[in-house]
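Chain letters run A, B, ... following the sequence lines, proteins first and then strands; every chain starts at 1.
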Amino acid sequence: MSASSVVEELRRAGVQRGSLLALAIFSEVGVGFASPGFTASVATSASDPAALVQAIEDELRPRWVEWSGDTASALVRAGVRVATAWDLVAVHRLLFGGWRADPARVWAQVHELPLQTIPTAGPRNLFSLPSNDEADPEGPRQPDGHLRAEWTAGGWHTTPEHLARWAQLALEVAQRQQAQLAQMANPERAAATARAESTAELLCAELAVDGLPMDRAIAESIIGSIIGERPRTEAEAVSQRGQRDGEVLGHAPPGGQFDLRSPGQVKSLLRFVGIEVPDTRAWRLEALRDRHPLVEALLVWRKAERVSTTYGYGWLDENLGASGRLRGTWSGSDGAAGRMTASAGLHNMPADMRPAVVAEPGHVFVRADLGQIEPRVLAAISGDPQLARATQEPDLYAPVAAQLGVDRATAKVAVLGAMYGQTTGHGAQVLPRLRSSYPVAMAYLDAGDRSGQASQDLRTYGGRLIRMGTSNPNEVGEREARSQEAARGRYGRNALVQGAAAELFKVWAAIVRARGSALDARIVLCLHDELLVHASADHAEAAAQLVDDALQEAAHRWAPDGSVRFVADTSVIPRWSDAKD
DNA sequence: TGCGGCTATTG
DNA sequence: CACAATAGCCGCAG
């Protein structure tokens, strides 16, 4: 079947820009499509699945319904980047919270079926229940409504017809998800979040394939300056290690046997030289630098050990490809509040390594980071008019400090402390003034705190469910229980802010991704409040403008009332580490 | 072998 | 060491 005839059939079936078109693709077998009232499948032997998807994208630009980011990854690897998607896993996590989102679970929860009765995989023809579809006893549904284990276990997609059925099921899930989103407190906003979260999955698939441009020679020279040349043999590695250890142990009295990698033994070692500490964390040792030369040596050792074990030659070998791209796995909505996460050190690369992140020849980075995103987000989601007024200033903490009658540093720790749930220290002393100046914002945070303490689930501004796990009061003592309750309160309080910030960030990233494709400007790193865009030097200014414009558009779409201002610090630089402006 | 504790790195 | 994350090694239980 030719690509053009498939496109024509889909067009006749009413598929157009933005309409749901479910996709199931398995390159060895073929591809299945499903839209309302229309299903099709094409075998790989008859047509290249990726080329077919590309043709449909070019002609119709539907919103592709995909079971998960795996589909997007397969497409990107095949060179196809679609504009929009409806990612069932991403929307499932939005609706129901949590992390687990295998097809059987996604299906069950959206159909309000009990999770306990999800069938577990078994031998194919043993104990398998008949389908509840009499016309199709081999079909995917059991009489109890669950998907049959054979259909969810994987490895079954052996024919194009199976893929078409799988696409049909995806479409049904998407429609049910949309119906559930429509019942939420703010249906339009929840649907918008679902679309942005789905697009984030597309972006994650692209980030994983594209990687972060990194100069291996520079990276190796930075590593070399901290831990020395790359060892050529195992013996050399052992000797280098021993030498590093010796630099510290040389300050200790002779005869002792201490493993510097064991916190307990480091504590003993410090006691040997007359220093007693409850733990050996760097910030604590920092203050004791002058007490004994061993402390300084230990701090230097720790830094080198970190590079040696985590961000050293092994790290480069494992994650930096021959093409000069650092690649990790990306997750679009991870953890407590749905932030993006990445492996391979992409989110926690030491600042010392960042000079090695260099744009390719003829290219630059557009680096943009959001200023004070969390308090600005708090102003928006809580609707606090006084805090919203403060966001009009480029430095939000200046008007807050004036309002509270304290210096800027105090205002900052107070605001951050309020969002984190801090109850002691310098910032907390200003809490009463914060409450009287910004009562709406503070009430919003307190409500999140109370829900958390009571183990009641929360929803973010964009509609993401924050599940509050219930603890077992019988298993812990009274004091421990109270401390856990307080921790849940801080968790709930912060998840509302952090989660909403993640939602705004993804809307921003999605717009940059969409607008940037025309300039061939590509996002190569997402870092919670920072975007790194790799662009041709010829289009540097246009790309920078695009990133700034995208933020204003994102803010307008995400919080249309417009009372809160969002600001980005944007610069065009050859290296990630280069100074702003 | 798996897991909690400790530590360091980042936003 | 407030909130979140990834990741390595040690020590201990099974």
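Atoms CZ (A:R488) and P (C:dA4) sit 13 Å apart, rounded to a whole Å. The interatomic distance linking A:R261 (CZ) with B:dA8 (P) rounds to 14 Å, in whole Å. The CH2-C1' distance, from A:W315 to C:dG8, rounds to 15 Å in whole Å. Rounded to whole angstrom, the span from the CD atom of A:E305 across to the P atom of C:dG8 amounts to 12 Å. Rounded to an integer number of Å, the gap from CZ of A:R284 to C1' of B:dA8 is 15 Å. Per the geometry, CG belonging to A:D259 stands 14 Å off P belonging to B:dT7, to the nearest Å. In this structure, A:R490 places its CZ atom 11 Å from C1' of C:dC1, rounding to the nearest Å. Taking atom CG on A:L378 and atom P on C:dC3, their separation rounds to 17 Å, with Å as the unit.
Contact annotation: the side chain of A:V497 never approaches that of A:Y461 to less than 4.5 Å [non-hydrogen atoms, C-beta and beyond]. The shortest side-chain heavy-atom distance between A:R408 and A:D395 falls under the 4.5 Å cut-off. Taking the side chain as every heavy atom from C-beta outward, A:H347 and A:L527 approach each other to under 4.5 Å.
Nucleic acid contact class of A:A495 (heavy atoms, under 4.0 Å, all strands): none. At a threshold of 4.0 angstrom between heavy atoms, the contacts of A:G335 are confined to the sugar-phosphate backbone, with no base atom among them. Across all strands, A:T280 comes closer than 4.0 Å only to sugar-phosphate atoms, never to a base (heavy-atom distances). Heavy atoms of A:A428 sit nowhere under 4.0 angstrom from any nucleic acid atom.
Minimum atom distance to the side chain of A:A336 is reached by C:dA5, of the listed C:dC3, B:dT7, C:dA5. With distances taken from any side-chain atom of A:R281 to the nucleotides C:dC10, C:dA7, B:dC6, the minimum falls on B:dC6. Taking the side chain of A:S262 as heavy atoms from C-beta on, and the options C:dC1, C:dG11, C:dT6, the nearest nucleotide is C:dG11. Looking at the side chain of A:D334, the nearest of the listed nucleotides C:dT6, C:dC9, C:dC1 is C:dT6.
Between A:H528 and A:F505, the distance from one ring center to the other does not fall under 6.0 angstrom.
Ring-plane geometry between A:F96 and A:H92 is classed as tilted, the angle between the planes lying from 30 to 60 degrees on a 0 to 90 degree scale.
No side-chain donor-acceptor contact under 3.5 Å links A:S73 and A:D70. A donor atom on one side chain and an acceptor atom on the other are not found under 3.5 Å apart for A:Q552 and A:D548.
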All N/O contacts under 3.5 Å from nucleotides 9-11 of chain B to the protein, with atom names and distances to one decimal?
{"residue": "B:dT10", "atom": "OP1", "partner": "A:A351", "partner atom": "N", "Å": "3.1"}
{"residue": "B:dT10", "atom": "O3'", "partner": "A:R354", "partner atom": "NH2", "Å": "3.0"}
{"residue": "B:dG11", "atom": "OP1", "partner": "A:R354", "partner atom": "NH1", "Å": "3.4"}
{"residue": "B:dG11", "atom": "O3'", "partner": "A:L527", "partner atom": "O", "Å": "2.9"}
{"residue": "B:dG11", "atom": "O3'", "partner": "A:D529", "partner atom": "OD1", "Å": "2.6"}
{"residue": "B:dG11", "atom": "N2", "partner": "A:R339", "partner atom": "NH2", "Å": "3.1"}
{"residue": "B:dG11", "atom": "N3", "partner": "A:R339", "partner atom": "NH2", "Å": "3.4"}

